[in-house]
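Structure first, commentary second.
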Amino acid sequence: MAALENTFMPVYGRTFGSDLSTFTQRLVAAVISWNDNRASRKALSQLSDRQLEDIGLSRFEI
């Protein structure tokens with residue numbers, strides 16, 4: 001039976017792997033947020049000025 005060991009040296013309880021995981025999670029969250037905002041701007045830009053006025057927005061606020 002083989003034994004596996006962690007080869008990363010922890011620094012104050014953190015490892016390179018955990019830092020990389022945190023960075024990756026934040027990066028993915030930022031990309032998802034950016035895409036949500038992009039999709040919202042695209043959908044709002046397709047509305048008429050009258051429709052935007054009905055929801056309390058102007059073209060400038062998009």
Side-chain angles (χ1 to χ4, degrees):
M1 196 170 183
L4 299 176
E5 293 182 28
N6 185 0
T7 58
F8 295 112
M9 297 296 295
V11 178
Y12 301 110
R14 297 176 71 183
T15 63
F16 174 74
S18 69
D19 288 343
L20 182 60
S21 176
T22 301
F23 172 76
T24 304
Q25 290 172 355
R26 288 181 180 171
L27 179 63
V28 168
V31 170
I32 289 170
S33 177
W34 169 82
N35 192 52
D36 288 345
N37 290 335
R38 182 196 60 79
S40 296
R41 285 190 306 271
K42 183 178 179 182
L44 288 171
S45 69
Q46 294 174 349
L47 296 177
S48 69
D49 289 336
R50 173 75 176 131
Q51 291 170 320
L52 288 171
E53 186 180 328
D54 285 345
I55 60 173
L57 292 175
S58 68
R59 214 141 299 270
F60 176 75
E61 293 173 313
I62 295 175

* To do: Give me the other members of the hydrophobic cluster that Leu57 sits in, counting Ile, Leu, Val, Met, Phe, Trp and Tyr linked by side-chain heavy atoms under 4.5 Å, directly or via other members.
  => Leu44, Leu47, Leu52, Ile55, Ile62

Contacts table for residues 24-32: side-chain donor-acceptor under 3.5 angstrom, sequence neighbours left out:
residue	atom	partner	partner atom	Å
Thr24	OG1	Leu20	O	2.8

* Which residue pairs satisfy the side-chain hydrogen bond (donor to acceptor under 3.5 Å, both in side chains) criterion with at least one member in residues 37-46, sequence neighbours excluded? -> Asn35-Arg38

* Structure fact -> The side chain to side chain donor-acceptor pair (under 3.5 Å) partners of Asp49 (sequence neighbours excluded) come to Arg59

